[in-house]
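Down below is the structure, laid out as structure tokens.
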Amino acid sequence: MHDYRVLRDDVELLRGAIERRGKRDQYASVIDRGITLDAMRRATIQAVEEKKAERNQNSQEVARRKRNKEDAEELIAAGRTLGEEIAALEYELTRSQADLDAILLDLPNITLDDVPAGDESANRIEKTWGTPRESAGCRAHWDVASQLGILDLERGAKVSGSGFIVMRGAGARLTRALMNFFIDVHTREHGYEEVWVPAVVNRRSMVGTGQLPKFEEDMYGLREEELYLVPTAEVPVTNLYRDEILTASDLPRGFVAYTPCFRREAGAAGKDTRGLLRLHQFDKVEIVRYCTPEQSAEEHERLTRHAETLLERLGLPYRRVLLAAGDTGQSSAKTWDLEAWAPGVGKFLEVSSCSTFTDYQARRANIRYRPAAGEKPRFVHTLNGSGLAFPRVIACLLEHYQQEDGTVRLPDCLHPYMGTAVLG
RNA sequence: GGACAGGUGGCCGAGUGGUUUAAGGCGCACGCCUGGAAAGCGUGUGGUGGGGAAACUCACUCGCGGGUUCGAAUCCCGCCCUGUCCGCCA
């Protein structure tokens with residue numbers, strides 16, 4: 001969400017950002033309409049407040065006369081007229097304000113200067129780590145897993161539908177191991193506070209982080225209750241401090257949370273559907289940071305490193321990709337995807353997405369901080385990243401560490417959590 | 001789910017239609033006092049939006065949303081949240 005002022009003072013900045021996202025056609029008329037609505041809104045505010053000031057004076061004069069037992073009938077009649085005029089103006093104001101808010105909620109964030117313009121083909125590989133294993137002779141994770149008996153796709157589909165899975169035995173334990181390993185590293189070594197949060201959130205939370213109103217069709221909702229299943233822990237964790245004012249000394253501040261994640265994947269039918277590649281429900285540990293605007297660039301790098309470290313501990317080769325503006329999420333100002341190599345399917349799989357939202361989410365969720373006692377509150381910057389998403393990490397582990405005999409050797413860091421060094 | 005009680009500024013707390021355009025206190029900031037401090041005294045102390053170069057000014061804000069009224073923290077309706085008890089329950 002943007003400030004109303006973006007339509008007065010920074011329209012060219014906004015237009016440029018939308019151009020770089022390749023969305024000029026989609027938004028050109030929306031922006032023009034926003035500018036008109038903002039002017040209307042301000043004119044109406046001036047008119048209505050003028051009338052209200054008049055009404056307040058009038059009422060005080062009525063009070064004074066009544067105290068002195070004087071006649072006030074004439075003033076009361078004048079007040080009645082003012083009331084009607086105010087009601088009419090307020091109706092107008094409510095309407096133009098609602099239209100304007102809808103536009104401001106709809107506009108995407110302004111990407112940072114170093115984000116390349118263009119669509120996904122302009123994404124830039126920033127670095128690579130490790131040596132990708134040759135695909136030759138590597139089986140896909142669904143074959144490895146099925147031979148090990150740790151993944152039951154058929155029964156997941158029976159119980160819930162396609163895109164829902166059952167992990168069994170060592171597979172179930174591996175999920176639990178990853179959760180503990182990831183959270184332990186973030187709390188013990190990276191200074192995050194661990195939180196355990198609801199997986200069902202209200203509408204305001206979904207609007208706060210930017211999932212709604214625009215992406216309603218991607219969300220699972222309990223519509224009767226106005227509640228939604230979280231698509232990521234980002235939603236409950238970022239909204240922890242909605243409508244609050246933090247103190248500068250609290251920043252930067254980080255939280256880590258495990259939650260299941262629910263996504264309808266409405267626009268992705270038939271894409272990457274096999275095995276663990278794309279699920280309607282999956283598990284993920286998420287890291288979220290709040291900081292000041294001055295800190296956010298550095299914090300973005302730090303958070304991304306926190307996610308990368310986990311891949312390095314797991315010994316999984318990966319690359320860091322800077323997303324081009326057109327591939328960057330609506331709320332994000334800059335995103336690095338971490339993609340781990342899955343030799344069996346012969347692809348890099350996105351296992352983490354590390355974004356800085358600048359003040360876009362903070363405006364929507366009204367999360368501020370006070371720079372110093374007595375100073376005006378400012379919006380915080382919010383950041384988050386997966387650290388990490390389990391199913392694709394499991395896919396990479398199974399494919400990268402598979403051995404000729406069908407067993408899978410686990411990286412050292414998981415041994416204590418699994419109680420074994422080998423699956424199978 | 002049912003019954004009852006509540007929701008006022010950073011905190012406590014007064015306030016049942018018009019000098020409350022929110023009393024008083026605590027806390028906080030600054031000043032005076034002091035060798036220094038405490039105490040005491042004085043001044044100030046939220047948020048949002050509009051106008052303005054600024055000083056400043058206007059409007060809104062007493063859980064949220066409607067309504068009644070010339071005028072609502074105060075009256076009416078709906079909702080949300082918290083507490084206590086009951087019911088149900090992992």
Side-chain angles (χ1 to χ4, degrees), chain A residues 1-10 34-105 196-208 222-228 236 239-251 259-260 359-380:
Chain A
M1 173 143 182
H2 299 284
D3 192 86
Y4 294 121
R5 291 185 187 86
V6 85
L7 294 169
R8 290 171 228 165
D9 307 334
D10 290 317
I35 293 168
T36 308
L37 282 167
D38 177 55
M40 275 174 58
R41 169 180 163 273
R42 279 186 294 163
T44 313
I45 284 173
Q46 283 185 44
V48 77
E49 289 191 353
E50 205 173 294
K51 293 286 180 194
K52 281 185 175 179
E54 217 177 303
R55 180 181 65 184
N56 288 347
Q57 285 189 346
N58 189 263
S59 294
Q60 279 182 37
E61 180 60 16
V62 171
R64 195 191 63 77
R65 290 203 187 175
K66 291 228 167 187
R67 240 179 285 124
N68 298 339
K69 311 281 187 206
E70 294 169 20
D71 177 59
E73 280 311 311
E74 197 180 312
L75 293 179
I76 287 172
R80 195 172 293 135
T81 309
L82 277 171
E84 283 159 11
E85 288 170 345
I86 288 167
L89 286 167
E90 276 190 330
Y91 175 74
E92 209 174 295
L93 180 61
T94 305
R95 273 200 357 206
S96 59
Q97 183 124 5
D99 289 350
L100 183 56
D101 285 346
I103 287 173
L104 290 169
L105 283 171
W196 195 271
V197 294
V200 175
V201 297
N202 58 33
R203 188 177 176 87
R204 277 212 60 198
S205 294
M206 292 290 267
V207 172
L222 307 160
R223 302 285 150 79
E224 306 77 17
E225 308 257 357
E226 280 261 285
L227 292 172
Y228 297 84
N239 277 283
L240 285 177
Y241 289 93
R242 191 176 71 225
D243 295 324
E244 293 194 37
I245 300 175
L246 307 169
T247 54
S249 57
D250 288 336
L251 303 173
T259 65
D359 62 5
Y360 186 89
Q361 291 183 328
R363 282 183 192 285
R364 288 174 162 253
N366 191 28
I367 306 166
R368 294 171 294 168
Y369 76 101
R370 201 180 295 283
E375 286 187 40
K376 281 272 172 194
R378 300 168 70 199
F379 289 107
V380 301

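Chain letters run A, B, ... following the sequence lines, proteins first, then strands; residues in each count from 1.
- A side-chain N or O of Thr247(A) and one of Asp250(A) form a donor-acceptor pair less than 3.5 Å apart.
- Summarising the geometry, the separation between CG on Leu89(A) and P on rA59(B) is reported as 16 Å, rounded to the nearest angstrom.
- No hydrogens or angles considered: a donor-acceptor pair under 3.5 Å links the side chains of Ser205(A) and Asn202(A).
- Between Arg5(A) and Asp9(A), none of the side-chain N atoms (NZ, or NE/NH1/NH2) sits under 4.0 Å from a carboxylate O, so this pair counts as no salt bridge.
- A 4.5 Å side-chain heavy-atom check between Tyr241(A) and Val380(A) finds every atom pair outside the cut-off.
- Put simply, CZ on Arg203(A) is 17 Å from C1' on rC64(B), counting in whole angstrom units.
- As rounded to the nearest Å, rC64(B) and rA73(B) have C1' atoms that lie 14 Å from one another.
- Separating the C1' atom of rG9(B) from that of rU48(B) is a span of 15 Å, rounded to the nearest Å.
- Atom CD of Glu61(A) and atom P of rU19(B) are 14 Å apart (whole Å).
- Closest approach of Gly34(A) and Leu100(A) over heavy atoms only: O-CD1, 3.6 Å.
- Nearest heavy-atom pair, Pro198(A) versus Pro236(A), reported as atom, atom and distance to 0.1 Å: O-CG, 3.5 Å.
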task: Go through the steps for Glu375(A) and Tyr369(A) under the test side chain to side chain donor-acceptor pair (under 3.5 Å), then give the verdict.
output: CA-CA 10 Å; Glu375(A) 286 187 40; Tyr369(A) 76 101; over 6 Å; no
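- Considering every non-hydrogen atom in both Leu105(A) and Tyr360(A), the closest pair reads O-OH, 3.8 Å.
- rU82(B) and rU43(B) have their C1' atoms separated by 38 Å, with the value rounded to a whole Å.
- Spacing of C1' atoms, rG46(B) relative to rC62(B), comes out at 13 Å, to the nearest Å.
- Whole-Å rounding puts the Leu246(A) CG to rG10(B) C1' distance at 14 Å.
- Rounded to whole Å, the C1' atom of rG25(B) lies 22 Å from the corresponding atom of rU21(B).
- On the C1' atoms, rU69(B) is 35 Å away from rC11(B), given to the nearest whole Å.
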Close N or O pairs between protein and nucleotides 70-73 of chain B (under 3.5 Å):
residue : atom : partner  : partner atom : Å
rC70(B) : OP1  : Arg80(A) : NE           : 3.3
rC70(B) : OP1  : Arg80(A) : NH2          : 2.6
rC70(B) : O4'  : Ile76(A) : O            : 3.0
rG71(B) : O4'  : Ser59(A) : OG           : 3.1

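- Contact record, Gly208(A) with Asn239(A): CA-OD1, 4.1 Å, taken as the closest heavy-atom pair.
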Distances under 3.5 Å between protein N/O atoms and the N/O atoms of nucleotides 46-52 of chain B, please, pair by pair.
residue : atom : partner   : partner atom : Å
rG47(B) : OP1  : Arg370(A) : NH1          : 3.3
rG47(B) : O3'  : Arg368(A) : NH1          : 2.9
rU48(B) : OP1  : Arg368(A) : NH1          : 2.7
rU48(B) : OP2  : Lys376(A) : NZ           : 3.4
rG49(B) : O3'  : Arg41(A)  : NH2          : 3.3
rG49(B) : N2   : Glu49(A)  : OE1          : 2.9
rG49(B) : N2   : Glu49(A)  : OE2          : 3.2
rG50(B) : OP1  : Arg8(A)   : NH2          : 3.0
rG50(B) : OP2  : Arg5(A)   : NH2          : 3.1
rG51(B) : OP1  : Arg42(A)  : NH1          : 3.2

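- As a whole-Å value, the separation of Gln97(A) CD from rA59(B) C1' is 13 Å.
- Between Asp71(A) and Arg65(A), no side-chain nitrogen of the basic residue sits less than 4.0 Å from a carboxylate oxygen of the acidic one, so the salt-bridge criterion is not met.
- For the C1' atoms, the distance from rG65(B) to rC80(B) is 10 Å, rounded to whole Å.
- One atom, NZ of Lys52(A), and another, C1' of rU61(B), lie 11 Å apart when rounded to the nearest Å.
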- line: Dot-bracket for RNA chain B, 5' to 3', Watson-Crick and G-U pairs with both distances under 3.5 Å, [ ] for crossing pairs, | for partner on another strand, reads ((((((((.[[[..)..(.....]]]((((((.......))))))((((((....)))))).[[[[[..)....]]]]])))))))....
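- Across the protein-nucleic acid pair, Lys51(A) atom NZ and rC60(B) atom P stand 15 Å apart, rounded to whole Å.
- Residues Arg95(A) and Asp99(A) are not paired through a salt bridge, judged by the lack of any N-O separation under 4.0 Å between the basic side chain and the carboxylate.
- Using a 4.0 Å cut-off between charged nitrogen and carboxylate oxygen, Glu49(A) and Lys52(A) do not count as a salt-bridge pair.
- Across the P atoms, rG66(B) and rA14(B) are found 29 Å apart, a figure rounded to whole Å.
- A straight line from CG of Asn56(A) to P of rU69(B) spans 18 Å, rounded to a whole angstrom.
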